Protein chains: 2
Amino acid sequence: MKISEVSEKYNLSVDTLRYYEKAGLLPNVQKNAGGIRDYSENDCNWVEFIKCMRGAGLPVAVLKRYIELFQQGEQTLGERKQILIDERQKLIEKRDTIQATINRLDFKINVYEQTIVKREKELLQGK
Amino acid sequence: MKISEVSEKYNLSVDTLRYYEKAGLLPNVQKNAGGIRDYSENDCNWVEFIKCMRGAGLPVAVLKRYIELFQQGEQTLGERKQILIDERQKLIEKRDTIQATINRLDFKINVYEQTIVKREKELLQGK
DNA sequence: TCTTGACCTGAAGTTCGCTCCAAGTTGTAT
DNA sequence: ATACAACTTGGAGCGAACTTCAGGTCAAGA
């Protein structure tokens, strides 16, 4: 698969794909004789994984470390699991922070709604 | 209230507080004859609001716009309400993205756990 | 064969949100 | 009066995650 196809498939720019590769997130992408990338199905699965994790805000450096460990084989299973547990915990905190802010916005939006309705009524009564 | 006290109260650095002010998020902080800031209770409430919104990831530029409109009085009620509705919607999407990633991590962590337990058993059996 | 578009590289540039620095002023305790 | 900590400003610097650029190579169609 060419880089433009992967770009289209996952809605990531070709620049971002090359950037991820340079950053160590896609260490296995093969190149043909002419130096042109040919993404395997496995590469694509990694792209999809990285896109998902980045979408939730996991830092590139953390993903790089995870992939590094993955490359090293089974003796890193524990460390990899711990990374995922740590990041999961951070996401839970982030989600809860966001939820609290949504609740606050809900309240504020309601106050605005009521105020606006009140102002409209006053206007109709020619106050 | 002095800047150091506000900094302590809301756990924001004095640099951040001055940055927010320069960025237009705290337009009303008064200064005494010597040029030293004196935060009112109202200023503090804005600091708290900004801290909360920034904590959820609302951009400084959006908050600046919101505060600008607030300064302009009642004729901007509708526009202000719309900003909050838009940002609320983005937060909901962000929260859902994060939740989906948490679920994915939960699954992956379980797979790791099972794999690790399996490897340990094999080790005990001298495989 | 020629052109054109997609690909390549390394490096520089951009945006965001702070964070730090230099150099100077103010307020307070002794 | 003197020290010294806390305050002030404008501007530079930083880390993260891209994004763009310059200059070149490659592959396919007319």
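Everything numeric in this text was worked out from a predicted model, so none of it was measured. In the text below, chain A, chain B and the rest are named by the order of the sequence lines, each starting its count at 1.
- In this structure a side-chain-to-backbone donor-acceptor pair under 3.5 Å is missing from A:Thr101 to B:Met53.
- Among the nucleotides C:dC8, D:dG11, D:dC7, the one closest to the side chain of B:Lys22 is D:dG11.
- Here B:Arg54 does not reach the OP1 or OP2 of C:dC16: none of its side-chain N or O atoms lies under 4.0 Å away.
- Following rounding to the nearest Å, B:Lys31 (NZ) and D:dT9 (C1') show an atom-to-atom distance of 9 Å.
- Rounded to whole Å, atom C1' of D:dA17 lies 8 Å from atom OH of A:Tyr20.
- When each of B:Gly34 and B:Gly57 is assigned the nucleotide of DNA chain C with its nearest heavy atom, B:Gly57 is the one assigned upstream, toward the 5' end.
- Residues A:Val111 and B:Leu69 are members of separate hydrophobic clusters, defined by side-chain heavy-atom contacts under 4.5 angstrom among Ile, Leu, Val, Met, Phe, Trp and Tyr.
- At C:dG27, one or more side-chain N or O atoms of B:Asn32 fall inside 4.0 Å of OP1 or OP2 (strictly under the cut-off).
- In this structure, CG of A:Leu17 is placed 15 Å from C1' of C:dA6, rounded to the nearest angstrom.
- Comparing B:Asp15 and B:Val60 by the nucleotide of DNA chain C that holds the closest heavy atom to each, the one mapping nearer the 5' end is B:Val60.
- In this model, the phosphate group of C:dC20 is not approached by any side-chain N or O of B:Tyr19 to a distance below 4.0 Å at OP1 or OP2.
- For A:Ser4, the side-chain atoms get nearest to C:dA6 when compared with the rest of C:dA6, C:dC8, C:dA11.
- What separates CG of B:Leu25 from C1' of C:dC16 is a distance of 13 Å, to the nearest Å.
- For the pair A:Leu58 and B:Glu21, both in contact range of DNA chain D, the more 5′-proximal nearest nucleotide belongs to B:Glu21.
- Between D:dT8 and B:Arg18, a contact under 4.0 Å exists linking OP1 or OP2 to a side-chain N or O.
- Protein atom CD1 of B:Ile3 is 14 Å distant from nucleotide atom P of C:dT19, rounded to whole Å.
- Following rounding to the nearest Å, A:Leu63 (CG) and D:dC18 (P) show an atom-to-atom distance of 10 Å.
- Nearest to the side-chain atoms of B:Thr16 among the listed nucleotides D:dC7, C:dC20, C:dC18 stands C:dC18.
- The side chain of A:Arg37 places an N or O atom within less than 4.0 Å of a non-bridging phosphate oxygen (OP1 or OP2) of C:dC8.
- Note: CD (B:Glu8) to P (D:dC7) measures 11 Å, nearest angstrom.
- A cation-pi contact, defined as under 6.0 Å to the ring centre and within 45° of the axis, is absent between A:Lys51 and A:Tyr20.
- When the side-chain nitrogen and oxygen atoms of B:Lys64 are compared with OP1 and OP2 of C:dC16, none of them lie within a distance under 4.0 Å.
- Atoms CG (B:Leu12) and C1' (C:dC18) sit 11 Å apart, rounded to a whole Å.
- When the options A:Lys121, A:Gln114, A:Glu122 are evaluated for a side chain to side chain contact (heavy atoms under 4.5 Å, CB included) with A:Lys118, the one that passes is A:Glu122.
- Annotation: cation-pi geometry not satisfied between A:Lys9 and A:Tyr39 (NZ/CZ under 6.0 angstrom from ring centroid, within 45° of ring axis).
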